[in-house]
There are 2 protein chains.
Amino acid sequence: MFKSLDPLLHSQLRLAIISLLIGLESAEFTFIKEKTNATAGNLSVQIDKLEKAGYIKVVKSFKAKRPLTTCSITKEGIKAFEEYVNHLKTYINRDNEK
Amino acid sequence: MFKSLDPLLHSQLRLAIISLLIGLESAEFTFIKEKTNATAGNLSVQIDKLEKAGYIKVVKSFKAKRPLTTCSITKEGIKAFEEYVNHLKTYINRDNEK
DNA sequence: ATAAATTAGTTTATTTTATAAACCAAATAA
DNA sequence: TTATTTGGTTTATAAAATAAACTAATTTAT
């Protein structure tokens with residue numbers, strides 16, 4: 001009846017990150033930070049978790065001599081997000097049968 | 001852009017409880033337990049939180065000499081759920097503008 | 001040249017949640 | 001009568017979220 005929700009995506013910030021990345025080729029750390037209003041620390045931690053889960057790819061480089069962290073969603077990430085959304089629907093649509 | 005999600009509802013079990021109650025006049029503890037597959041302990045705690053938030057009403061009585069806990073959603077609970085669902089849509093629909 | 005502030009993060013510590021395990025009281029069954 | 005089941009609650013532990021402190025380098029101001 002209620003499908004279980006991927007705990008990796010069932011987090012406000014991680015869901016926002018994925019939601020953002022799914023519409024983009026890639027995004028920089030600071031861009032994600034602005035869009036999500038997250039603190040840098042929290043964002044750093046959550047990006048790490050998504051990367052370890054294989055949901056996003058993280059590339060570290062330099063731009064104008066400064067560190068630059070670029071994130072992009074992976075195929076697994078897209079799949080996980082889609083499944084998460086489908087499972088959510090068992091909670092938010094009133095089709096409470098089976 | 002991403003609207004903040006009511007932390008009281010952003011929990012798998014509490015969301016399932018509310019989702020269930022929104023379609024019913026009321027429901028008994030054991031019924032909710034079966035439908036959500038929750039453990040009694042977890043369910044007890046989460047029902048408590050929803051009650052303290054004013055999202056559900058809990059009535060304790062006896063049925064066949066046994067304790068009976070009956071829950072029903074409140075107006076505030078319905079409102080909170082509807083708002084939660086609307087906020088969720090900023091995460092799951094790709095209308096990532098403003 | 002050097003101190004202060006800013007950028008772009010990471011790490012560590014603390015608080016909050018979720019969850020499981022243990023427990024309790026009463027009733028029923030063996 | 002003791003063992004089990006019902007219907008929970010309470011307590012303890014594990015996991016998550018978050019904030020605060022820190023690092024390292026750069027830029028700006030003095």
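If you're wondering where the values come from, they're calculated on a predicted model, not measured in any experiment. Residue numbers begin at 1 in each chain, while the letters A, B, ... track the order of the sequences. Keep in mind that the numbers below use all heavy atoms, side chains included, and drop hydrogens, waters and symmetry copies.
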Item to check | B:F2 and B:Y91 aromatic ring geometry - parallel, tilted or perpendicular at 30°/60° bounds | outcome: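 Plane angle between 30° and 60°, so tilted.
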Whole angstrom is fine here: how far is it from [atom1] in [X] over to [atom2] in [N]?
X	N	atom1	atom2	answer
A:I17	D:dT18	CD1	C1'	13 Å
A:L9	D:dA16	CG	P	13 Å
B:F31	D:dG8	CZ	P	14 Å
B:L15	C:dA18	CG	P	11 Å
B:I32	D:dG7	CD1	P	13 Å
A:R14	D:dA15	CZ	P	14 Å
B:Q12	D:dA15	CD	P	17 Å
A:F29	C:dT7	CZ	P	14 Å

Item to check | Exam field: side chain A:S72 to backbone A:E25, donor-acceptor pair closer than 3.5 Å | outcome: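 Between the backbone of A:E25 and the side chain of A:S72 there is no qualifying donor-acceptor contact (under 3.5 Å).
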Next on the checklist: Donor-acceptor check, side chain of B:T36 to backbone of B:I32, threshold 3.5 angstrom: yes or no?
Outcome noted: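 At least one qualifying donor-acceptor pair exists.
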Item to check | For B:K52, salt bridge (charged side-chain N to carboxylate O under 4.0 Å, His left out) partners two or more places apart | outcome: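 Per chain and number, B:K52 pairs via salt bridge (charged side-chain N to carboxylate O under 4.0 Å, His left out) with B:D48.
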Item to check | Partner residues of A:E28 under the salt bridge (charged side-chain N to carboxylate O under 4.0 Å, His left out) criterion, sequence neighbours left out | outcome: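 Listed in chain order: A:K63.
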Checklist entry - Which ones in residues 50-67 of chain A lie close to DNA chain C, meaning a heavy atom under 4.0 Å from one of its atoms? => result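 Within this stretch, A:K60, A:R66, A:P67 sit under 4.0 Å of the strand.
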Checklist entry - Contacts to DNA chain C from residues 37-47 of chain B, heavy-atom cutoff under 4.0 Å, which residues? => result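 Hits under 4.0 Å, by residue number: B:T39, B:G41, B:N42, B:V45, B:Q46.
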Item to check | Pairs where residues 66-85 of chain B contributes a residue and the test salt bridge (charged side-chain N to carboxylate O under 4.0 Å, His left out) is met, not counting sequence neighbours | outcome: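 Passing the test, one end in residues 66-85 of chain B: no pairs.
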Next on the checklist: Taking salt bridge (charged side-chain N to carboxylate O under 4.0 Å, His left out) as the cut-off, I'd like each qualifying pair that reaches into residues 3-18 of chain A, sequence neighbours left out, listed once.
Outcome noted: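 Every pair satisfying salt bridge (charged side-chain N to carboxylate O under 4.0 Å, His left out) with a residue in residues 3-18 of chain A: there are none.
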Item to check | B:C71: which of B:L20, B:L50, B:L24, B:V58 passes side chain to side chain contact (heavy atoms under 4.5 Å, CB included) | outcome: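 With B:C71 as partner, B:L20, B:L50, B:L24, B:V58 yield a single side chain to side chain contact (heavy atoms under 4.5 Å, CB included), made by B:V58.
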Next on the checklist: Give me the atom names and distance for the closest heavy-atom approach of B:Q46 to B:I17.
Outcome noted: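 For B:Q46 versus B:I17, the nearest heavy atoms are CB-CD1, 4.1 Å.
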Checklist entry - Base, sugar-phosphate, or nothing: which does B:L13 touch, judged by heavy atoms less than 4.0 Å apart? => result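 No contact.
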